[in-house]
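Working notes, beginning with the structure itself.
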Amino acid sequence: MVVKSIGGPKSFSKTIVPQKLYLFIFLPLLLILTALSGCSFSLWSDDKFDGARNAEGLPWWEVAQGWDPETRKRFWFASQGSRMLPYDWFLHLEQVGSTTPFRDDANIEALRYIPAPADQRWNPDGLPIGFVKGKTDQKDVTWMGPTCAACHTSKLNYRGASMVIDGAPALGDFERLNRELVDALLATLESADKFQRFSKNVLGNSLSTETVNELKEQVQVHSMMMTMRIERDKGAHDYGFGRVDAVGAIFNQVASSNIAVPDNRTPADAPVSFPFLWGTPQSSVVQWNGFAPNGKAGLGALIRNAGEVLGVYGVVDVKNNSDEDFLESDTDWNEVKSKALALGYKSSVNLDSIGKIENWLHSLRSPQWPENLLPQIDQAKATAGASIYQDQCVGCHQLVPREDQGKQYQPHMIPVSVVGTDATMADNFLMATNPNTGRAWDSGKLEGSRLALIGGDKYQQMFDQRGAALLTQVMGSLFSQPFKATKATLQSHLATEQQPDFDKRSYKARPLTGIWATAPYFHNGSAPNLYEVILTETERSKVFYVGSREFDPVKVGYVSIKGSTQEPTKTDDRFAFDTQLKGNRNTGHNFGNGLSEEERWNLVEFLKTL
């Protein structure tokens, strides 16, 4: 047995795309498409306005963020290739113990996703923001799945008014959504009346004894698959609202399920807040620990986005290059893509969309505090807070003027040993030894393949970084559709600098533009508001409650106490966030130590202005 370092931390910070691959495959195609296009794809709206305004035809307020209404809707309802449920199933699935549709607005709100009205062009069936109708496969099955907007669109409430912020972290509970979908599917199977209604609505004119039996079998298989996925990723405690361990789930998918190695599965027990998206394309590296570089003329961003699809029910057919025999996948790959180059992997990744989504994000800007909806900023306090920020904060969180938000930047990567925040996410990513076996990760189907298929190190029997499996499978998805991949790369392109080498056990300190709209705080969501961020770790809440959309404009965050008198008519189903649990810790970031109470509040006031 040979264990070779493949796809380790250095690979993701500097050499995620082998130079030969870039020069000889993607660069020529990029030049051709650039010549043919003759123009930039970037969208920018001059629809500038101050404060908040009523969103036309929508039941909430909006703020200027560089997008026009059509771009917002494109972002909300563009499919990435996720295959969570057949679309017709989702339309007609009922809640457990009720005939009310699962997608009923009240249920969607209970899960803290954002109900949206029907729109003939973008959302004809009135799905929630970020849940979209995907492509139809070879068997005429159309799929539904989440897209970026499900996790990166927020809704804030203040004194009876709602405001939607694009690119801000959502409050949705993805873990609970999955569990409740499975419960609803099983309840449908167990109730003759439920299944009769379900089958009649789904099958329509195709209803027959044979098609009903086929549908029942399909529901049984799909619910089992979702259950296995839930159990595969389950950690020691629930994530709650507004968090998910996306990296852990992706690693379990690409380094365990997709390569037929069950022992490579580990608990996805490092939930993090959904990062805000403005400034993401301009940053040299992304993700909380900076493992994913932008650059390489857009290819880095494309790899990042395609990898995200694989973590939310995207599928990819990894070819078996090892000498071992593995059970075939349950997926009928003729349904996914009938034609794929021999070099690549068939997959459901929608390259037509993910390049456009990245391009739209180029022009997304941070929201400004709307003083016509929220209380006015105390300018005297904010001015005093600006001086404190220059002394205490700017060394890590650089200031970016609003007019410069489209420019590239290098974030500061702060070692865990310095910042002191919960290390679980950073440590899980770097995990080189499989805790189930005490050795490196089994390569499974990847053994004998190269890291980037046509280049890079070869997989031996074992490999030491699960991120390598992610890179290989994303490259396989791109190679299966080279022209679409090249077009998407061109759409994703935004010149960014290469990040200098950094300690890989670090977290990213990014500019804090629009930070007021991105609660909860810290990478793992363990600080409910900006005031607690400034406190020392011994002064912060041991337990607080997540799930209220009501905005607290004083401490700047969501209302975080149970049974708030500000929302007396609301069902109190908030999640108790225990900061003493692994992955939830609110330790570290004690940089406000020594500030007086007045100085702390002045700093909070300044942060509202960013």
Side-chain angles (χ1 to χ4, degrees), residues 58 60 67 71-85 87 89-91 93 102-105 107-119 122-123 125-135 143-156 162 164-181 226 229-230 233 239-247 249-250 253 268 271-278 280 304-314 348-350 353-354 356-358 360-361 364 517-518 525 546-547 549:
L58 296 168
W60 52 67
W67 284 355
T71 304
R72 293 176 191 267
K73 292 176 182 177
R74 288 188 183 102
F75 176 70
W76 294 344
F77 300 113
S79 171
Q80 295 176 285
S82 170
R83 296 173 51 153
M84 192 174 201
L85 276 183
Y87 187 75
W89 294 15
F90 187 68
L91 291 185
L93 188 66
F102 187 91
R103 64 190 183 97
D104 180 74
D105 285 355
N107 193 46
I108 295 303
E109 183 62 50
L111 294 165
R112 300 307 189 273
Y113 293 101
I114 304 175
D119 181 288
W122 301 109
N123 186 27
D125 293 304
L127 268 60
I129 285 178
F131 291 84
V132 304
K133 186 177 185 178
K135 290 185 175 182
W143 290 88
M144 184 284 300
T147 190
C148 288
C151 300
H152 300 282
T153 309
S154 73
K155 185 170 76 169
L156 313 177
S162 295
V164 165
I165 308 291
D166 290 303
L171 271 182
D173 188 337
F174 192 66
E175 193 178 35
R176 178 176 156 193
L177 168 67
N178 278 267
R179 290 198 302 260
E180 293 192 5
L181 278 172
M226 291 186 70
R229 191 183 187 109
I230 292 168
D233 295 339
Y239 303 158
F241 296 115
R243 301 194 306 164
V244 71
D245 185 355
V247 173
I250 291 170
Q253 190 65 36
V272 296
S273 290
F274 307 113
F276 58 87
L277 294 186
W278 50 86
T280 294
R304 159 171 49 86
N305 289 322
E308 182 266 333
V309 177
L310 299 185
V312 287
Y313 292 95
S348 67
V349 175
N350 188 340
S353 284
I354 62 175
K356 293 176 183 177
I357 291 171
E358 183 70 18
W360 300 332
L361 291 176
L364 180 67
T518 65
V546 185
R549 293 195 190 276

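Here the structure is a predicted model, which is why all the values come from computation and not from measurement.
- The minimum heavy-atom distance between G145 and S82, with the atom names listed, is CA-OG, 3.5 Å.
- Using a 4.5 Å heavy-atom cutoff, the side chains of M226 and L85 are in contact.
- The side-chain heavy atoms of D125 and Y87, taken from C-beta on, include a pair separated by under 4.5 Å.
- With rounding to the nearest 0.5 Å, the separation of CG in D233 from CD1 in I250 is 10.5 Å.
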Assess the residue pair L177 and Y113 against the criterion (side-chain contact (heavy atoms from CB on, under 4.5 Å)); give the C-alpha distance rounded to whole Å, side-chain angles, the decisive distance to 0.1 Å, and a yes or no. CA-CA 10 Å; L177 168 67; Y113 293 101; 4.0 Å; yes
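- Proximity of a side-chain donor or acceptor of T147 to a complementary backbone N or O of A78 within less than 3.5 Å is detected.
- Proximity of F131 to I108: side-chain heavy atoms (C-beta onward) are nowhere separated by under 4.5 Å.
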Hey, mind stepping through E308 and I354 against side-chain contact (heavy atoms from CB on, under 4.5 Å) and telling me if it holds? CA-CA 10 Å; E308 182 266 333; I354 62 175; over 6 Å; no
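- At least one donor-acceptor pair closer than 3.5 Å links the side chain of T153 to the backbone N or O of A149.
- W76 and D166 form a side-chain donor-acceptor contact under 3.5 Å, judged by distance and modelled atom types alone.
- Pairing each heavy atom of I114 with each of S154, the nearest pair is CD1-C, 3.8 Å.
- In this structure, N305 and I357 have side chains that are not in contact, with every pair of non-hydrogen atoms separated by 4.5 Å or more.
- The minimum heavy-atom distance between G314 and S348, with the atom names listed, is CA-OG, 3.5 Å.
- Here the closest heavy-atom approach between residue R103 and residue L91 is recorded as NE-O, 3.1 Å.
- A 4.5 Å side-chain heavy-atom check between L181 and W89 finds every atom pair outside the cut-off.
- With a 6.0 Å radius and a threshold of 12 heavy atoms from other residues, nucleotides or ligands, K356 has its NZ atom at or below the threshold.
- Within the 4.5 Å cutoff, the side chain of R243 has no heavy atoms near those of the V546 side chain.
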Residues F276, L364; criterion side-chain contact (heavy atoms from CB on, under 4.5 Å); working and verdict: CA-CA 11 Å; F276 58 87; L364 180 67; over 6 Å; no
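- R176 and F241 get closest at one heavy-atom pair: NH1-CZ, 3.5 Å.
- To the nearest 0.5 Å, atom CH2 of residue W122 and atom CZ of residue R72 are 14.5 Å apart.
- For the atom pair R229 CZ and M84 CE, the distance stands at 8.5 Å (nearest 0.5 Å).
- Rounded to the nearest 0.5 Å, atoms CD1 (I230) and CZ (R179) are 7.5 Å apart.
- Residues R549 and R112 form a side-chain contact, since some pair of their non-hydrogen atoms from C-beta on lies under 4.5 Å apart.
- Taking all atoms of both residues into account, the shortest heavy-atom contact from V349 to A306 is CG1-CB, 4.1 Å.
- Note: T280 OG1 to E358 CD = 8.0 Å, rounded to the nearest 0.5 Å.
- Side-chain contact between F274 and V244 is present, with heavy atoms from C-beta onward closer than 4.5 Å.
- In this structure, CD1 in I165 is found 13.0 Å from CG in L277, a value given to the nearest 0.5 Å.
- No side-chain donor-acceptor contact under 3.5 Å links S79 to the backbone of V132.
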